[in-house]
Every structure is written in C-alpha cells, then in structure tokens.
Amino acid sequence: MSQTISIIVKPGADAEHLDALRASVSSLRQAGHSVEVRQTFEAGDGERFAREAAGASVDLVVAAGGDGTINEVVNGLGVSSRRPRFAVVPLGTANDFALGLGVPPDVEAAVRAAVSGHARAVDLPIVNQRYFLNVSTGGFGAEATEQAVAESKRLLGSWAYLITGARQFVDLAPVGGLVEADGRIVFSGEFLLFAVGNGRQTGGGSILTPRAELNDGLLDLLIVRTVQRLDFLSMLPDLRAGTHLESPDILYTQAAHLVITTEETLSVNADGEPIRGTRFEYRLDPERLVVMTP
C-alpha cells in the first residue's frame, strides 16, 4: 500500500550515507510512495518541518540524522494534534535511540524498517515542556554533551564526548538537590549524576537505566550519590555496561512523575539537547507516539 512520507534530513552526513539515502528515496518513489525530503538549515527547522508534515496528514515522518535531529522532529510531532508514525534513519554520532530500537546502521535497511517494519506505540516523556524519547541526564556527562560542539563531533565522532568528559572529570564537583517521585521525596543531598530514562542507553552506548522499557508507562531514575573521585572512576565501567544497580552509591527507582530541584543552575540534556535551570519536571504525555521498528 502506498504511503505519504516526509523525510527530514540534517546535512553533514558523509557522501556515502547521503547517496544511499538518495537511492532509497528513489526506490520508494518507484514503488508508488509519495516522498518529500526536507533538509534542516538551522536550529528549529526539524521541529517546524515535523509540525508541517503532521498538519499535511502524512502517514510517516522519518528523522534522518542523530539524536539531536530526532529530538527536534519529536518535538514537532509532540505538539501536533494528529501524530503520524515516526521512524529513524541513524546518521549521527551516537545514535543511541536507534541502537536501542535495534534500527540497523545501514541506510537502506533502516529505510526499509521505517516503511514496512513493526509499528510500536511508545511512551513520550516531557521535561519542562520539552519532549524527548530516550534518556535525559544531569550532572557529569550532561555538561560534556553541551560542550562537545558540532565541529568537534564532526571531526572526532564519539571521541568528542570522551575528551570533553575527561576534561570535566578533572573539575568533578557534586550538585545539591532534591528529588520527588510520584509525590514522595526519594533523595535529598548531593549527587554527581542523574539520568531519567525512557530508553536504556545514552552517551554512545552507556546503559544508565537498564530496566527502562519504552512502553511501560514509567520513567526510570538513576542517581549517583557523591563519592570520591577515584571511586567514581571505578564505577564508570559498570555505568557503561549497565551493571551498577547493586552499588550502595546508586539510587534507582521508577515513577510516572519526577521533579528534580537543584541548588544551582544545572545543564540537563534531553536526548542530547541542553536545558538549563534549577527545576526539572518529568512526566509522560497521555498520548503515545507510534514508532517504526525492524
């Protein structure tokens, strides 16, 4: 059955991937699908293009890019009264959400999954009016994401996050805060890192919220309490592998509504997009988003 498809692409992918995407678009049109391709030029374009596609009643919106492109497109769909099905073609640096869904890195295979894969309704979290799909983090790592500028990511790939994170580790400092989960205070004190997960992995494959499920109606909360610098360093491999839940320095819980208040202004990222403030409220949109998976 033919579909109307809007593909939103962030420029900057290498020529090989763009050529593969171009060939896939040609194949879709030959198969009878109506395909519109739009390239983002500046911040906000992806969100606007997604809103316009939803308003035009397309069947499927595809974000071809990295986690930042996905976040923009999802925010455009989130505010739309009618939400088309959503899919991802991973062309970014980390591609954490695509990896979590099992979307193949091969462009042709990803496009095939987008058009004829399995439709899955997933939870759609919101932090301070900003939608996200995967993981939101604050503290160590979140600053690294904000500081790893686009040029560094283009030249160094995932190493940009590692190098920026290593610099931040030198100045590692705790943050004071209060955390409420479904109306109960679950944490008060100093922490080094928190993560709120709808998905399981972020930062190029670190499984911070290993019990998270995309469609369970809950958000997973991880807090790393303040520890000595060397103790935190020894904890990093477990945070990477998702084997950290038994540590006494870890708080892990699930809730549908979270409020995190900090004593100082903090940079928090939502699928890689930074938000600054001292109060971060997390909740789930009452309506789920239908995402295409292999």
Side-chain angles (χ1 to χ4, degrees), residues 125-130 132 134-147 161-162 164-203 206-213 216-284:
I126 308 169
V127 52
N128 292 9
Q129 310 305 313
R130 183 89 188 162
F132 68 102
N134 193 34
V135 181
S136 172
T137 61
F140 180 83
E143 298 283 351
T145 300
E146 184 178 21
Q147 295 167 14
Y161 297 111
L162 180 62
T164 310
R167 291 173 182 161
Q168 190 187 5
F169 184 78
V170 174
D171 300 319
L172 184 65
V175 177
L178 179 75
V179 180
E180 298 173 69
D182 290 339
R184 298 181 300 109
I185 295 176
V186 295
F187 178 84
S188 178
E190 293 186 334
F191 64 86
L192 296 177
L193 163 69
F194 78 79
V196 176
N198 188 41
R200 297 181 179 181
Q201 65 184 57
T202 186
S206 293
I207 308 174
L208 296 184
T209 48
R211 293 179 181 167
E213 298 289 345
D216 63 357
L218 293 170
L219 295 166
D220 283 42
L221 170 68
L222 160 81
I223 295 177
V224 179
R225 296 182 174 91
T226 298
V227 295
Q228 296 297 318
R229 192 185 305 267
L230 289 179
D231 292 333
F232 183 60
L233 183 62
S234 67
M235 192 187 300
L236 290 179
D238 284 331
L239 288 168
R240 179 75 177 175
T243 55
H244 51 279
L245 298 189
E246 301 305 316
S247 169
D249 299 314
I250 294 291
L251 169 68
Y252 195 96
T253 191
Q254 294 176 313
H257 180 248
L258 296 164
V259 178
I260 300 174
T261 307
T262 59
E263 296 174 357
E264 59 190 78
T265 300
L266 195 65
S267 177
V268 166
N269 85 67
D271 290 348
E273 296 303 299
I275 302 169
R276 297 190 71 84
T278 58
R279 187 180 188 275
F280 306 93
E281 181 177 3
Y282 293 85
R283 59 187 176 88
L284 295 172

- prompt: Shortest non-hydrogen contact from Ala241 to Ile207?
  reply: O-CD1, 3.8 Å
message: Within the structure provided, determine whether Phe132 and Ile275 are in side-chain contact (heavy-atom separation under 4.5 Å).
response: no
- request: Would you check if Arg211 and Leu245 make a side-chain contact, meaning some heavy-atom pair closer than 4.5 Å?
  value: yes
query: Distance-only, no hydrogens or angles: does the Asn134 side chain make a donor-acceptor pair with backbone N or O of Asp271 under 3.5 Å?
result: no
- prompt: Got a sec, which pairs hit side chain to side chain donor-acceptor pair (under 3.5 Å) with one end in residues 250-261, sequence neighbours left out?
  reply: Asp220-Tyr252, Asp220-Gln254, His257-Glu281
query: At what distance, to the nearest 0.5 angstrom, does CG of Leu193 lie from CG of Leu222?
result: 5.5 Å
message: Show every salt bridge (charged side-chain N to carboxylate O under 4.0 Å, His left out) that has at least one partner inside residues 246-270, sequence neighbours left out.
response: none
query: Going by heavy atoms in the side chains, are Pro125 and Leu219 under 4.5 Å from each other?
result: yes
- prompt: Can you tell me how far the CG atom of Leu208 sits from the NE2 atom of His244, to the nearest 0.5 Å?
  reply: 6.0 Å
task: Could you list the residues that satisfy side-chain contact (heavy atoms from CB on, under 4.5 Å) with Leu251, not counting sequence neighbours?
output: Val186, Phe187, Ile223, Arg225
task: Taking side chain to side chain donor-acceptor pair (under 3.5 Å) as the test, write out the residues that go with Arg240, two or more places apart.
output: Ser206
- line: Closest non-hydrogen atoms of Pro210 and Gly242, given as atom of the first, atom of the second and distance, are CG-O, 3.8 Å
message: Tell me the closest heavy-atom pair linking Ala212 and Gly197, and the distance in Å.
response: CB-O, 3.9 Å
message: Which residues pass the side-chain contact (heavy atoms from CB on, under 4.5 Å) test with Ser234, not counting sequence neighbours?
response: none
message: Looking at Asn269, is its backbone amide N or carbonyl O close enough to the side chain of Ser136 to form a donor-acceptor pair, meaning the two atoms are under 3.5 Å apart?
response: yes
query: Can you tell if the side chain of Leu258 reaches within under 4.5 Å of the side chain of Phe194, non-hydrogen atoms only?
result: no
statement: Separation between CG (Leu218) and CG (Leu284), nearest 0.5 Å, reads 7.5 Å
query: Going by the side chain to side chain donor-acceptor pair (under 3.5 Å) test, which pairs reach into residues 178-202, not counting sequence neighbours?
result: Arg200-Glu213
field: Test log, rule side chain to side chain contact (heavy atoms under 4.5 Å, CB included), inputs Leu221 and Val179
entry: CA-CA 10 Å; Leu221 170 68; Val179 180; 3.6 Å; yes
field: Distance in Å, Asn128 CG paired with Arg283 CZ, rounded so as to fall on 0.5 Å steps
entry: 10.0 Å
message: Out of the candidates Leu239, Asp231, Leu233, only one should pair with Met235 under the side-chain contact (heavy atoms from CB on, under 4.5 Å) rule; please name it.
response: Leu239
field: Smallest separation among heavy atoms of Leu266 and Phe280, with atom names
entry: O-CZ, 3.6 Å
- request: Report, as yes or no, whether the 6.0 Å neighbourhood of atom CZ on Arg130 holds more than 12 heavy atoms from other residues, nucleotides or ligands.
  value: yes
